Asker: 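This structure is in structure tokens; I'll ask about it shortly.
Here is how names work: the chains are called A, B, and so on, in the same order as the sequence lines, proteins then strands, and each is numbered from 1. Treat the numbers as computed from the prediction; the structure is a model and nothing was measured.
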Protein chains: 2
Amino acid sequence: MTAIRTARQRARDEVTRTIKDEARRRLAADGAAKLSLRAVARELGMVSSALYRYFPSRDELLTALIVDSYNALGDAVDEALERRADADPCARWVGVCHAARRWALAHPHEYALLYGTPVPGYAAPDDTMVPGVRLPLALTVIVREADRAGRLGPPEGGPLPDEVREDLAPLTVEQVPGLSPETLAAVLAAWAQLLGLVSTELFGQFNGAVTARERFFEHAATRLGRSVGLPPPTGERTGEPTTGSD
Amino acid sequence: MTAIRTARQRARDEVTRTIKDEARRRLAADGAAKLSLRAVARELGMVSSALYRYFPSRDELLTALIVDSYNALGDAVDEALERRADADPCARWVGVCHAARRWALAHPHEYALLYGTPVPGYAAPDDTMVPGVRLPLALTVIVREADRAGRLGPPEGGPLPDEVREDLAPLTVEQVPGLSPETLAAVLAAWAQLLGLVSTELFGQFNGAVTARERFFEHAATRLGRSVGLPPPTGERTGEPTTGSD
DNA sequence: GCTCCCGCAAGAGCACTGCTCTCGTTTATG
DNA sequence: CATAAACGAGAGCAGTGCTCTTGCGGGAGC
């Protein structure tokens with residue numbers, strides 16, 4: 001009975017997926033704030049109360065969408081990561097950053113759902129943790145593989161305060177073994193700063209100032225990669241040996 | 001009659017201020033998403049329709065709160081800027097970053113109103129532009145005064161793409177004369193990245209990873225300052241000449 | 001001083017929302 | 001076959017933003 005899953009169960013999965021699809025559509029149209037269960041139900045030709053058989057509340061529906069969105073972003077990022085598996089570390093870094101930004105621009109409301117204002121009484125359940133770290137994890141992969149290839153320098157900036165070093169120590173041994181606390185701190189900061197670049201552009205804060213957004217972002221992402229210790233692309237002399245010629 | 005403003009007008013201003021105060025209180029309590037006109041009116045002992053004599057819509061009320069919040073943040077930042085008027089440029093930079101973060105932590109919902117998910121159909125009116133640039137403007141002030149004191153190096157990272165240089169050229173002559181496009185681009189990016197650091201922490205994205213938040217932020221802010229060309233604090237040898245010994 | 005008018009608060013009402021409960025019906029299982 | 005679980009539909013509750021009408025009262029003009 002667990003093999004074929006009763007016809008009812010399959011119908012349930014089908015309806016669940018249909019609801020999520022329609023919800024995603026309405027999310028893309030109007031944003032999370034105006035996503036209404038009733039509208040989704042109306043569009044699906046059912047009555048609002050029927051939706052509660054599938055999602056106990058509106059927030060639960062949003063959680064499901066959040067997980068899906070994290071995974072969609074994660075897929076886009078991983079794809080960029082693997083497509084450039086043999087490329088220069090810096091090029092990989094910029095490629096992953098570009099993939100994240102592009103996904104955000106293509107799905108602004110979903111991005112806002114992930115990294116925008118959290119809904120008031122809502123605490124992200126653990127289900128969102130695993131897919132939520134896929135983007136920062138992709139960044140660490142680049143750095144670790146660059147390190148393994150002997151192409152990772154020390155991160156830019158001053159020495160890491162002891163308190164931060166001790167704070168990040170457990171993470172370095174559990175999650176990303178082989179990475180120095182300095183580099184991990186730099187990657188975490190770069191991740192947050194990457195989100196800042198994307199959010200600031202997407203939420204309209206650059207409106208009066210920056211118009212060459214893609215180029216501006218690329219330049220910023222490149223500097224971000226360099227700040228974590230990735231070398232400039234091989235064979236290219238940028239004319240400005242920032243991290244020294246050592 | 002324009003001098004004293006008729007008693008009616010004064011009463012109107014009084015009520016307007018009272019409404020905004022109560023709205024701000026409810027905003028701090030429940031967040032922008034659940035800010036309801038009816039609740040504000042109820043708390044004030046009036047009926048909801050009466051509020052529409054003062055604010056034509058809920059979004060207009062939010063706009064008023066946004067302007068106030070931008071100014072509150074701007075005041076906090078300017079205070080930090082002037083208190084360290086004679087300090088080291090890098091210390092000033094970090095001080096301003098700290099002031100922004102502290103204000104955000106103290107007023108999370110107001111910060112979210114400014115830099116979080118924009119409300120769906122809402123376009124920020126021009127009233128919000130001037131107070132909205134006070135934070136990035138404070139950052140440019142630090143950099144410009146450091147430059148005037150001969151203590152500003154070139155920003156870290158590769159050369160600025162021509163497209164970005166031309167894009168930012170008008171800004172450099174109109175808004176921040178005397179700043180090179182390279183530095184302006186670095187400051188704009190640093191601003192967005194600063195928002196990223198604050199938002200990521202405030203919106204709970206660091207939850208499982210970083211616990212020594214203040215120190216982590218300070219370190220990241222310091223690196224940010226260095227990335228725009230500010231020198232490390234005088235008299236301190238950090239032992240790592242990142243931007244070269246030129 | 002009197003009247004007229006306009007700003008104001010109140011209330012009813014509309015079209016929504018999330019969510020709960022009940023009521024038959026359908027479906028799967030013992 | 002019978003029983004229990006799952007299901008869709010509908011009514012209903014409390015709340016929302018917003019509009020419209022009504023009546024009151026103070027300020028302005030005669």
Side-chain angles (χ1 to χ4, degrees), chain A residues 1-20 22-23 25-27 29-66 109 113 118-123, chain B residues 1-20 22-23 26-27 29-66 113 118-123:
Chain A
M1 66 171 179
T2 57
I4 266 297
R5 296 302 269 184
T6 122
R8 195 172 218 147
Q9 188 68 27
R10 278 188 293 133
R12 183 183 178 82
D13 293 348
E14 167 91 15
V15 174
T16 304
R17 199 174 47 247
T18 308
I19 292 174
K20 284 206 293 184
E22 179 59 37
R25 214 166 316 158
R26 299 210 56 85
L27 178 68
D30 297 333
K34 343 196 104 173
L35 175 68
S36 87
L37 286 182
R38 290 184 118 107
V40 172
R42 200 182 310 129
E43 213 73 20
L44 260 45
M46 35 167 69
V47 86
S48 72
S49 59
L51 282 191
Y52 286 84
R53 303 273 179 200
Y54 299 88
F55 296 95
S57 76
R58 189 188 104 110
D59 285 1
E60 290 287 330
L61 213 194
L62 277 180
T63 299
L65 294 182
I66 287 175
H109 290 120
L113 198 59
V119 321
Y122 176 83
Chain B
M1 68 174 179
T2 57
I4 266 299
R5 296 303 270 181
T6 125
R8 205 171 219 150
Q9 187 70 27
R10 277 187 295 133
R12 183 183 178 82
D13 293 348
E14 167 91 15
V15 174
T16 303
R17 198 173 48 245
T18 307
I19 292 175
K20 283 206 294 184
E22 179 59 37
R26 299 211 55 87
L27 178 68
D30 297 333
K34 345 197 102 174
L35 175 69
S36 88
L37 286 183
R38 290 184 119 109
V40 172
R42 200 181 312 128
E43 214 72 22
L44 260 45
M46 35 168 60
V47 86
S48 71
S49 59
L51 285 191
Y52 286 83
R53 301 270 175 196
Y54 299 88
F55 295 94
S57 76
R58 178 179 176 270
D59 284 1
E60 291 287 332
L61 212 194
L62 277 180
T63 299
L65 294 181
I66 287 175
L113 197 59
V119 321
Y122 176 82

Asker: I want to check one thing: is the phosphate of dG26(D), taken as OP1 and OP2, less than 4.0 Å away from some side-chain N or O of Arg12(B)?
Answerer: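 False: Arg12(B) side-chain N/O out of range (4.0 Å or more) of dG26(D) OP1/OP2.
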Asker: For dT16(D) and Ser36(B) - does any side-chain N or O of the residue sit under 4.0 Å from the phosphate oxygens OP1/OP2?
Answerer: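 So the side-chain polar atoms of Ser36(B) do come within 4.0 Å of the phosphate oxygens OP1 or OP2 of dT16(D), strictly under.
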Asker: Have a look at Ser49(A) and say if it touches a base, only the backbone sugar-phosphate, or nothing, with a 4.0 Å heavy-atom cut-off.
Answerer: base
Asker: Could you give the CG-to-P distance, from Leu37(A) to dG10(D), as a whole number of Å?
Answerer: 18 Å
Asker: Of Val47(A) and Arg38(A), whose nearest nucleotide on DNA chain D comes first from the 5' end?
Answerer: Val47(A)
Asker: Separation of Leu35(A) atom CG from dG18(C) atom P, in whole Å?
Answerer: 8 Å
Asker: Whole angstrom is fine here: how far is it from CE in Met46(B) over to P in dA10(C)?
Answerer: 7 Å
Asker: Regarding Ser48(A), tell me which of base, sugar-phosphate or nothing describes its non-hydrogen contacts under 4.0 Å with the strands shown.
Answerer: base
Asker: What is the distance, to the nearest angstrom, from the CZ atom on Arg58(B) to the P atom on dC16(C)?
Answerer: 18 Å
Asker: Could you state the interatomic distance from CE (Met46(B)) to OG1 (Thr18(B)), rounded to the nearest 0.5 Å?
Answerer: 8.0 Å
Asker: Indicate yes or no for a side-chain donor-acceptor contact from Arg58(A) to the backbone of Leu35(A) under 3.5 Å, with no hydrogens or angles considered.
Answerer: yes
Asker: Would one find a side-chain N or O of Tyr54(B) under 4.0 angstrom from OP1 or OP2 of dG7(C)?
Answerer: no
Asker: Between C1' on dC19(C) and CG on Leu51(A), what's the gap in Å once rounded to a whole number?
Answerer: 12 Å
Asker: When the nearest nucleotide of DNA chain C is assigned to Tyr52(A) and to Arg53(B) on a heavy-atom basis, which residue is associated with the more 5' position?
Answerer: Arg53(B)
Asker: Rounded to whole angstroms, how far apart are NZ on Lys34(B) and C1' on dA14(D)?
Answerer: 14 Å
Asker: Send over the distance from Phe55(A) CZ to dT20(C) P, rounded to a whole Å.
Answerer: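 Going from CZ in Phe55(A) over to P in dT20(C) covers 16 Å.
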Asker: As an exercise, state the distance from CG of Asp59(A) to CG of Leu65(A), rounded to the nearest 0.5 Å.
Answerer: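 So the gap between those two atoms works out to 11.0 Å.
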Asker: Quick one: Glu14(B) CD to dC8(C) P, roughly how many Å, whole number?
Answerer: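 So the CD-P distance, Glu14(B) to dC8(C), works out to 14 Å.
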Asker: With rounding to the nearest 0.5 angstrom, report the OH to CG distance, Tyr52(B) to Leu37(B).
Answerer: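 The distance works out to 4.5 Å.
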Asker: Give, for atom CG of Leu61(B) and atom CD of Glu22(B), the distance between the pair rounded to the nearest 0.5 Å.
Answerer: 11.0 Å
